[in-house]
Structures are given as structure tokens and as C-alpha cells.
Amino acid sequence: RLLITALALQAHRAQQGAYPDALGALTPGILPELPADPFHDGPLFYRRDGDGFVLYSAGPDCDDDGAAALDRKHDANTNGDLVWGAPAKKE
């Protein structure tokens with residue numbers, strides 16, 4: 001779901017010259033509907049970050065941790081989000 005949404009964000013950027021302010025701009029032109037976050041009742045989380053973006057799921061703890069990435073090296077630790085980012089370019 002993160003990949004599909006990230007690709008839709010890239011398509012929006014290619015068409016409009018910038019990432020959208022909100023995921024709702026992807027529907028219905030690019031996506032028929034927004035993919036739901038499987039870990040909470042609602043869509044994936046998204047925010048613009050300069051000329052990039054941060055897209056994430058609440059992750060297995062089902063909490064919005066503000067895009068604090070899940071530490072996959074420690075299986076017992078399920079705190080954190082599943083994060084996909086296209087960070088702003090550093091000058």
C-alpha cells in the first residue's frame with residue numbers, strides 16, 4: 001500500500017510539478033481510492049517535507065509515532081511506523 005501510494009505521489013509530481021498538500025489530491029485522477037492503513041482505521045499518513053514527502057503506516061503497534069521508523073532489527077520491538085520517504089534534497 002505504501003508502494004502504490006508512493007508511485008501515485010510520483011505520478012502527481014510528474015503531472016503537476018510538485019507533490020500534493022494532501023493525499024486526497026490523488027483521487028480519483030490517479031487512484032480510484034486511497035489505500036487504507038492496515039494498522040489503524042483510516043488512510044496512510046502523509047506530509048510534505050520541503051520538496052519531498054514522508055508517507056507512513058501506523059505499524060504493528062497501531063499508533064501514529066510521527067514517522068519514527070520501526071526498528072526491524074529487533075523483532076520483539078514493535079514500536080514505530082512503517083515509513084516511506086522521499087526527503088527534500090539538501091543543497
Side-chain angles (χ1 to χ4, degrees):
R1 295 173 193 189
L2 288 169
L3 175 60
I4 289 167
T5 307
L7 291 172
L9 287 163
Q10 295 296 341
H12 183 280
R13 182 175 182 231
Q15 293 171 0
Q16 304 295 325
Y19 294 112
D21 291 328
L23 288 179
L26 302 175
T27 61
I30 298 172
L31 294 174
E33 62 185 18
L34 294 177
D37 185 332
F39 294 105
H40 87 101
D41 187 24
L44 297 168
F45 296 95
Y46 167 80
R47 69 175 178 261
R48 292 209 32 199
D49 180 20
D51 63 352
F53 70 88
V54 176
L55 175 69
Y56 63 100
S57 165
D61 67 352
C62 300
D63 287 328
D64 176 1
D65 296 306
L70 178 68
D71 183 359
R72 295 178 189 222
K73 293 180 184 176
H74 301 95
D75 291 338
N77 179 9
T78 59
N79 294 329
D81 300 326
L82 302 174
V83 181
W84 184 293
K89 294 177 184 158
K90 304 291 184 201
E91 298 278 338

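Just so it is clear, the values below take in all heavy atoms, side chains as well, and ignore hydrogens, waters and symmetry mates.
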Quiz item: Could you state the interatomic distance from OG1 (Thr5) to CG (Leu55), rounded to the nearest 0.5 Å?
Solution: 5.5 Å

Self-check item: Point-to-point distance, once rounded to the nearest 0.5 Å, from CG of Leu7 to CD1 of Ile4
Solution: 8.0 Å

Nearest non-hydrogen partners of [X] and [Y], listed with the distance:
X: Pro20; Y: His12; value: CD-ND1, 3.4 Å
X: Gln10; Y: Tyr19; value: NE2-OH, 3.0 Å
X: Leu34; Y: Leu23; value: CD2-O, 3.4 Å

Quiz prompt | Partner set under side-chain contact (heavy atoms from CB on, under 4.5 Å) for Ala11, not counting sequence neighbours | solution = Ile30

Practice problem: Would you list the pairs meeting side-chain hydrogen bond (donor to acceptor under 3.5 Å, both in side chains) in which at least one residue belongs to residues 26-46, sequence neighbours left out? | Solution: Asp37-Ser57

